[in-house]
Amino acid sequence: MPTCQNCGYKWTWRETFIKMFTFRNKLKCSSCGEFQYISKQSRNKLSVFTMIPFLIWIPLVSFSIPFQYVLTVELVSFIAVFICMPWFYKLSNEEEPLW
């Protein structure tokens, strides 16, 4: 779980999950009110992690598996990715460029 670099407050899964849908790089700490930024390393890991459902889809389609099974596997993998995403968040005090 992410930890505020300013006050050391460890965010809960629920807080992180809700803030994940703000689609901003700048997140406000619930404890101290300071803005925290998603770290460069965390953003890179999250971008790779979100590709997992798409990478699962390719072999399923290429082996001519029935659509119902492909859809079920994809839906389960998307849900699993969204549930696990808050554990990959790391915070920093400064905004870090991706490149």
Within the structure provided, determine whether Cys29 and Cys7 are in side-chain contact (heavy-atom separation under 4.5 Å).
yes
Does a sphere of radius 6.0 Å around OH in Tyr69 hold more than 12 heavy atoms from other residues, nucleotides or ligands, not counting ones at 6.0 Å or beyond?
no
Side chains of residues 72-79: which donor-acceptor pairs under 3.5 Å do they make with residues two or more places apart or in other chains?
residue: Thr72; atom: OG1; partner: Gln68; partner atom: O; Å: 2.7
residue: Glu74; atom: OE2; partner: Trp57; partner atom: N; Å: 3.2
residue: Ser77; atom: OG; partner: Val73; partner atom: O; Å: 3.1
residue: Ser77; atom: OG; partner: Glu74; partner atom: O; Å: 2.9

Hey, could you give me the OG/CG distance between Ser39 and Asn93, rounded to the nearest 0.5 Å?
11.5 Å
Who are the side chain to side chain contact (heavy atoms under 4.5 Å, CB included) partners of Glu15, not counting sequence neighbours?
Tyr9, Trp11, Thr12, Ser30
Aromatic plane relationship, Trp13 with Phe17 - under 30° parallel, 30 to 60° tilted, over 60° perpendicular
parallel
Output a table of donor-acceptor pairs, distance under 3.5 Å, between side-chain atoms of residues 80-89 and any protein atom two or more places apart or on a different chain; print 'none' if there are none.
none

Worked verdict on Glu96 versus Gln41 for side chain to side chain contact (heavy atoms under 4.5 Å, CB included)
CA-CA 9 Å; Glu96 302 169 352; Gln41 181 184 16; 6.0 Å; no
Of all heavy-atom pairs between Leu91 and Gln5, which one has the smallest distance, and what is that distance?
O-CG, 3.2 Å
With side chains defined as the heavy atoms from C-beta onward, is the minimum distance between Ile38 and Lys90 less than 4.5 Å?
no
Distance col, row Lys28:NZ vs Phe35:CZ, nearest 0.5 angstrom, shows 5.5 Å
Rounded to the nearest 0.5 Å, what separates atom NZ in Lys45 from atom NZ in Lys40?
13.0 Å
